[in-house]
There are 2 protein chains.
Amino acid sequence: MDCPSRELLDLIGGKWAILILCCLQQGPVRSGELKRSVGGISQKMLTQTLRELERNGLVHRVSHPEVPPRVEYSLTTLGKSLSGVARELEKWLVEHYNAILDHREKHAGSIEDYS
Amino acid sequence: MDCPSRELLDLIGGKWAILILCCLQQGPVRSGELKRSVGGISQKMLTQTLRELERNGLVHRVSHPEVPPRVEYSLTTLGKSLSGVARELEKWLVEHYNAILDHREKHAGSIEDYS
DNA sequence: CGGAATCCTATGGGATACTG
DNA sequence: CAGTATCCCATAGGATTCCG
């Protein structure tokens, strides 16, 4: 079974990629601010995830040769189009999240209770 | 930063969930056949993922009281609607996958090469 | 045949300290 | 300030075996 969706999930399925993409939707953001606005992300994962996004052409990195250093990240065209997809995901979830929660509750404990 | 997309990824971000949902799109499939048609999945992950999908109301499980046992899985209404979202993901990916691959190649080795 | 129960490893990800 | 380098752990997931 080959299902391209899987590939996409490899791109954005990590714990932080989507959050970062969301944070970049408003325009260029510099590293430190990005870290704060994502919230809870470690320095390591911030860099690592950004490198990955960069490698896939979703995020653009600009390093200003100043001191102290200043680095800004922004979405590429490709990244913007992907964040559009992310909004589709959001949309689906907010529409159906209650249904999921409801089902979980009904299912809590019982095994014989199908819907 | 809260981004509902993340929640959805928790639902289907695993290694197998999407594949299973795809395999169920054609209609009810029994366990063994599902395992074969997914390909490469272990017994453990098959059951585990199905239980999770079931728990979230995406998949429906019917056990026929026969011997040898026969169990069939199918998509619920919710599951079907989700697999629709999956197709959106697919669509995006097939449209942009080459762009991603191209970018990766250009990026291979160079760090200073932005797009 | 469908699945539960173990055991085990690979790795995603966190905390921390150090550099330019 | 931005990033790298370690160290460490929790857990996702694979292989295998046993049960109705």
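Just so we're on the same page: letters track the sequence lines, and every chain starts at 1. All values below come from the heavy atoms of this structure, side chains included, with hydrogens, waters and symmetry mates left out.
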Practice problem: Using atom CE of B:Met45 as one end and atom P of C:dT9 as the other, report the distance to the nearest whole Å. | Solution: 18 Å
Quiz item: Please give, in whole Å, the distance from C:dT16 P to A:Lys35 NZ?
Solution: 11 Å
Self-check item: A:Lys15, nearest nucleotide to its side chain (from C:dG13, C:dG2, C:dG20)
Solution: C:dG13
Self-check item: Length of the CG-C1' vector between B:Leu46 and D:dA15, whole Å
Solution: 15 Å
Practice problem: Round to the nearest Å and state the distance from A:Ile41 atom CD1 to D:dA2 atom P. | Solution: 14 Å
Quiz item: Given side chains that start at C-beta, do those of A:Ile41 and A:Leu19 come closer than 4.5 Å, heavy atoms only?
Solution: no
Quiz prompt | Protein-nucleotide distance (A:Tyr73, atom OH; D:dC1, atom P), rounded to Å | solution = 15 Å
Quiz item: Distance-only, no hydrogens or angles: does the B:Thr49 side chain make a donor-acceptor pair with backbone N or O of B:Trp16 under 3.5 Å?
Solution: no
Quiz prompt | Under 4.0 angstrom between A:Arg30 side-chain N/O and D:dA2 OP1 or OP2 | solution = yes
Quiz item: Side chains of A:Lys15 and A:Met45: closer than 4.5 Å at any heavy-atom pair?
Solution: no
Self-check item: B:Arg61 side-chain N/O to C:dG2 phosphate OP1/OP2 under 4.0 Å
Solution: no
Quiz item: Starting at CZ of A:Arg51 and ending at C1' of D:dG3, how long is that distance when rounded to a whole Å?
Solution: 7 Å
Quiz item: Taking atom C1' of C:dG3 as reference, at what distance in whole Å does atom CZ of B:Arg70 sit?
Solution: 17 Å
Quiz item: Between A:Leu34 (CG) and D:dG3 (C1'), how many Å, whole number?
Solution: 14 Å
Exercise. In plain terms, say whether A:Glu33 and A:Arg30 are close enough for a salt bridge, that is, a side-chain N and a carboxylate O under 4.0 Å apart.
Key: no
Quiz item: What does A:Gln48 touch in the nucleic acid at a heavy-atom separation under 4.0 angstrom: a base, only the sugar-phosphate, or nothing?
Solution: nothing
Quiz item: Within the pair B:Ser31 and C:dG3, is there a side-chain N or O less than 4.0 Å away from OP1 or OP2?
Solution: yes
Quiz item: Does some side-chain heavy atom of A:Arg104 sit less than 4.5 Å from a side-chain heavy atom of B:Asn56?
Solution: yes
Quiz item: How is A:Lys44 classified with respect to the nucleic acid when contacts are heavy atoms under 4.0 Å: base, sugar-phosphate, or nothing?
Solution: base
